[in-house]
Amino acid sequence: MKQLSEYFGCMVFGDSAMRSRLPAETYRSLRETIDEGKRLDLTVANIVANAMKDWAVEKGATHYTHWFQPLTGISAEKHDSFISPVGDGKIIMEFSGKELVRGESDASSFPSGGLRATFEARGYTAWDPTSYAFIKGKTLCIPTAFCSYGGEALDRKTPLLRSMEAINRQAMRILKLFGHDDVKCVNTSVGAEQEYFLVDREMYNKRKDLIYTGRTLFGSNPPKGQQLEDHYFGTIKPRVAAFMTELDEELWKLGILAKTEHNEAAPAQHELAPIYSTTNIAADHNQLTMEIMQQLAAKHGLVCLLHEKPFKGVNGSGKHNNWSMSTNTGVNLLSPGETPYENAQFLLILCAVIQAVDDYQDLLRLSVATAGNDHRLGANEAPPAVVSVFLGDELTAILDAIEKDEPYNALEKTQMKLGVHVLPRFPKDTTDRNRTSPFAFTGNKFEFRMLGSSNGISCANIMLNTTVAESLRQYADKLEAAEDFNTALHELIRSVIREHKRIIFNGNGYDDAWIEEATEKRGLLNLPTTPDCLPYLIKQKNIELFERHRIYSATEAKARYEILLDNYCKILNIEARTMLEMAKRQILPAVSAYTADVARAVTEKKAAMPQIDCTYEQERISELSELTAKMHSSVKELEEAMQRVKSIVDVAQLSCAYRDEVILCMNSLRTAADKAETITAEKYWPYPSYGDLLFGVR
Ligand code: ADP
Ligand code: MG
């Protein structure tokens, strides 16, 4: 077995592979493209492509693909082989700069929200040199952006890159004001902690709901769930341990800094955390991590469930997006500094985030809105649907003192003046209490905790980067025009605290009283479901924001809005139809067969002994018959609801109808079926139970 340091990143065409395989001149100009966004000319691209191909072929690759993030689903790829015929039935392996830089794909089946007329179904993919190419299986994967022929973004990478540029532009203005002329650029970094479930593959294959929808649509809770909390950080079972070991190795080969693996709160639930990296890379890596998890699970006879809520009554899975801003000189702008002056800068950046979250609660909330995540947010297992910021008591007290021009602590007599006081180091928050906060400051970064486990992290970071860029833009406008920088800075920070402190909440986010306070007293937004959220994407103030920072054009935003709503409706449609199929073809026949057997038992017992007591059987028959009737009527109601919504043309209305009518019928069908499961003899039940799934992997 090779040492980790020998194989780490061996499947990545990263900096060391580039340096050793490219002529010095080519390497230099590619580095300029990567680091400074300079245009890459075709001669350079040709040399890079050829070196990349040779490297990949040596490692066994035969194909290449432009790997991208479509608007729905994890990732997409279309494989082309390197082979090129040279006559005499011979081939050579070829890969040109043109093929590296730009790919065409018949993209008519990817969601485009009307951005591409069907007659112009082509889209093109464009190499993103800032994210390294890598080998997966026998394929060289080239991270790319995906656009329509008109240049509109059809993916999640393009706007993410645009948002990184936006925050860089505005943060640079601020840093200039603080005299940092040495800084060339500001980057955002992300570490995305990923939760997932592992279940046995054979059991999975027996459940149509898992196969079609990724979550269980039926299932009663077993006597043991997560009450004992014995799974959280518990010993890892051998099969799972084998999976995790191989997962780490595969990720390391791809240069992904997988760092910690542990069991999570729910049985069969686990978590992987990587070391943070630049947002764009973190997004690609998270996507790749999800893909590799699913592939490797299959190899171990397991299935990796990335759905936000695979099991009712058991914690669902999320993703924590740890976010920070840093300069190319290695300074974390969310880290309180050593001098009063650095602290003033830190406080301004902190204010920018606080204001961004307050001004754009809607965008942050909708960036994590999916049908799957609707089951988690606000269900007392994940942050509520109301967005707020946790700062911790100490930092909150400091902001309070600044706002009121008061001493920061009782012992200190002097007033809290910016540029005079050194802030205390904030202890890294390790307490449990803030696990309920959607957006928590954790010492030198913010942790956005509302993301669902299957969401890519791009959308959340597009919103984070863009909204913080907007706060910074406003600050830079003010400060650049100020006569006295220090006075203006002090006033600015005070006014931001005054205007936006309503978004700061350090208490228990799971508490119902908080939701009441947040909405009634503080006027914060509460958007519990995806159809509530998505219309905000095309609100005028948000379109203006996107256009100002060149993230989305109005057309692109509108297209995304439609795609996401449409996706929500499709998911619910599939779920409802899967439920109908399971109820009609599996559950009802099973319950009916069992009831008939119990009835036969009564007849046979009575035949043997006419006066015999058959209370148990009779009560069971009556209970089961009642539940059967209930399921039957629920099936009909669900079918009628599906029929009704079919006629709705407007996608926003349709999404509301799914939420208000279809989900209701699905719930009542489930309630009856789950009840029936608890009183039907085990051998009649047509698929593995929750108990089997949650405790079946040893
Ligand atoms: P905790 O255990 O308190 O959540 P960790 O240090 O384990 O904190 O970090 C959790 C995640 O946050 C990891 O993915 C880590 O790489 C990431 N992280 C740490 N520091 C930063 C930072 N400055 N910017 C972005 N992500 C970070
Ligand atoms: Mg965390």
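Position 1 is the first residue of the sequence, and the numbers go up from there. First listed ligand is number 1; within each ligand, the first listed atom is number 1.
Close contacts between ligand 1 and Ser189 involve ligand atoms 25 (C) [criterion: under 4.0 Å to a heavy atom]. Atom numbering of ligand 1 starts at 1 in the shown order; those under 4.0 Å from a heavy atom of Gly191 are 14 (O), 26 (N). For ligand 1 and Asn332, the ligand atoms under 4.0 Å from any heavy atom of the residue are 23 (N).
At a heavy-atom cutoff of 4.0 Å, ligand 1 is contacted by no atom of His320, backbone or side chain. For Thr260, no heavy-atom contact with ligand 1 is shorter than 4.0 Å.
Between Tyr132 and Phe13, a ring centre-to-centre spacing not shorter than 6.0 Å is recorded.
Taking a 4.0 Å cut-off on heavy atoms, Ile275 registers as neighbouring ligand 1.
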Starting from the C-alpha separation in whole Å, work towards a yes-or-no answer on salt bridge (charged side-chain N to carboxylate O under 4.0 Å, His left out) for Asp400 and Lys501. CA-CA 9 Å; Asp400 215 39; Lys501 65 180 177 195; 5.5 Å; no

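Among Asp284, Thr144, Asp155, Thr158, the single residue meeting the side-chain hydrogen bond (donor to acceptor under 3.5 Å, both in side chains) criterion with Gln69 is Asp284. Only one option out of Gln170, Arg173, Gln355 pairs with Tyr475 in a side-chain hydrogen bond (donor to acceptor under 3.5 Å, both in side chains); it is Gln355.
Taking the side chain as every heavy atom from C-beta outward, Ser317 and His307 never approach each other to under 4.5 Å.
Of the candidates Ala273, Ser277, Pro274, the one placing a heavy atom closest to atom 13 (C) of ligand 1 is Pro274.
The N/O atoms of Asn322, backbone and side chain alike, include one that comes under 3.5 Å of an N/O atom in ligand 1. Ligand 1 has no nitrogen or oxygen under 3.5 angstrom from a nitrogen or oxygen of Glu447.
Partners of Glu470 according to the side chain to side chain donor-acceptor pair (under 3.5 Å) rule, which considers only residues two or more places apart in sequence or in another chain, are Arg473, Gln474, Arg548, His549.
Within the structure, no pair that satisfies the ring pair (Phe, Tyr, Trp, His ring centres under 6.0 Å) test touches residues 272-297, not counting sequence neighbours.
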